[in-house]
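Data first, discussion second: the structure below is written as structure tokens.
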Amino acid sequence: MKINKAMIIDDSASDQFLTQYVINEFDPKIETCSAYDGQEALEMLENMQIKPDIIFLDINMPRMNGLEFLEQYSQHEKQTTVVTMLTSSQQEKDKTTALSYSCVKKYFIKLLDMDDLMSLATH
């Protein structure tokens, strides 16, 4: 998969920074944007002309968590963006629920690393 634009949805500014850092190290041409919860992300996506190729999504966030985001996002007709879970949750229930959505392709435990990005780029 070619990644030109990535969205990071995470309520932790430090986790957003670290994820963006790894993405920039992997390929500095990848444009990134960030949201602090699912609601903010949905609003941003609605107003974007060029959608991200990939979304890195945390589960545990205030206001609208990652699973609630997936529920709302999956109701949109056109889902061209691949969602990759990037979370600290190692609960099998969270993983099973997240992967039940057709847009979710991977489930990674924080922090993102180069191997994770390589596995995305080669699929």
Side-chain angles (χ1 to χ4, degrees):
M1 162 179 28
K2 176 71 174 138
I3 303 171
N4 295 308
K5 185 174 184 177
M7 176 181 260
I8 304 161
I9 308 172
D10 197 315
D11 61 317
S12 166
S14 58
D15 285 347
Q16 281 188 15
F17 174 82
L18 292 169
T19 301
Q20 186 169 3
Y21 177 83
V22 172
I23 291 169
N24 286 341
E25 286 293 304
F26 178 75
D27 184 347
K29 295 177 190 155
I30 297 174
E31 178 187 341
T32 60
C33 60
S34 300
Y36 286 96
D37 62 53
Q39 185 63 47
E40 181 183 10
L42 287 173
E43 291 165 7
M44 288 174 67
L45 286 165
E46 193 173 301
N47 294 315
M48 282 182 184
Q49 294 210 337
I50 299 173
K51 306 288 188 230
D53 302 300
I54 191 164
I55 293 172
F56 293 98
L57 178 62
D58 188 18
I59 290 179
N60 299 310
M61 297 178 287
R63 199 160 70 137
M64 179 185 282
N65 70 35
L67 298 177
E68 293 167 334
F69 169 85
L70 288 171
E71 182 63 31
Q72 293 289 317
Y73 182 71
S74 67
Q75 293 175 16
H76 288 86
E77 287 181 38
K78 215 174 181 183
Q79 296 174 30
T80 56
T81 301
V82 169
V83 177
T84 297
M85 303 308 295
L86 183 60
T87 182
S88 58
S89 176
Q90 296 185 27
Q91 295 181 26
E92 196 58 39
K93 179 180 169 236
D94 286 343
K95 184 175 184 177
T96 302
T97 301
L99 290 170
S100 72
Y101 290 92
S102 62
C103 59
V104 177
K105 303 303 181 202
K106 296 275 186 175
Y107 192 99
F108 295 136
I109 301 300
K110 290 179 184 176
L111 294 170
L112 187 69
D113 62 30
M114 290 293 181
D115 291 337
D116 295 336
L117 284 169
M118 285 299 288
S119 74
L120 292 168
T122 58
H123 282 94

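The chain is numbered in sequence order, starting from 1.
For Thr81 (side chain) and Pro52 (main-chain N/O), a donor-acceptor pair under 3.5 Å exists by modelled atom type. In this structure, Thr96 contributes its side chain and Lys93 its backbone to no donor-acceptor pair below 3.5 Å. The main-chain N or O of Asp113 is found under 3.5 Å from a side-chain atom of Asp116 such that the two form a donor-acceptor pair. Side-chain N or O atoms of Glu43 include none that pairs as donor or acceptor with a backbone N or O of Glu40 at under 3.5 Å. Under the 3.5 Å distance criterion, the side-chain polar atoms of Lys5 are left unmatched by any main-chain donor or acceptor of Ile30.
To the nearest 0.5 angstrom, Thr84 atom OG1 is 12.0 Å from Ile8 atom CD1. From Thr19, atom OG1 reaches atom CG of Leu112 across 5.5 Å, with rounding to the nearest 0.5 Å.
Minimum interatomic distance between Glu68 and Arg63 (heavy atoms only, all atoms of both residues): OE1-O, 3.9 Å. Taking both residues in full, the closest heavy atoms of Leu86 and Leu111 are given as CD1-C, 4.4 Å, listed atom of the first, atom of the second, then distance. Closest heavy-atom contact between Tyr101 and Leu70: CE2-O, 3.6 Å.
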Quiz item: Stepwise, does the side-chain contact (heavy atoms from CB on, under 4.5 Å) test hold for Met44 with Cys33?
Solution: CA-CA 9 Å; Met44 288 174 67; Cys33 60; 4.2 Å; yes

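For the pair Asp58 and Met85, the minimum side-chain heavy-atom distance is 4.5 Å or more. Between Phe69 and Asp37, the closest side-chain pair of non-hydrogen atoms is not below 4.5 Å.
Hydrophobic clustering keeps Val22 apart from Leu18 (ILVMFWY residues linked when any side-chain heavy atoms are closer than 4.5 Å, directly or through intermediates).
No hydrogens or angles considered: nothing links the side chains of Gln20 and Gln16 as a donor-acceptor pair under 3.5 Å. Side chains of Ser89 and Thr87: no donor on one and acceptor on the other come within 3.5 Å.
The existence of a salt bridge linking Asp10 and Lys110 is confirmed by a sub-4.0 Å separation between a basic side-chain nitrogen and an acidic carboxylate oxygen.
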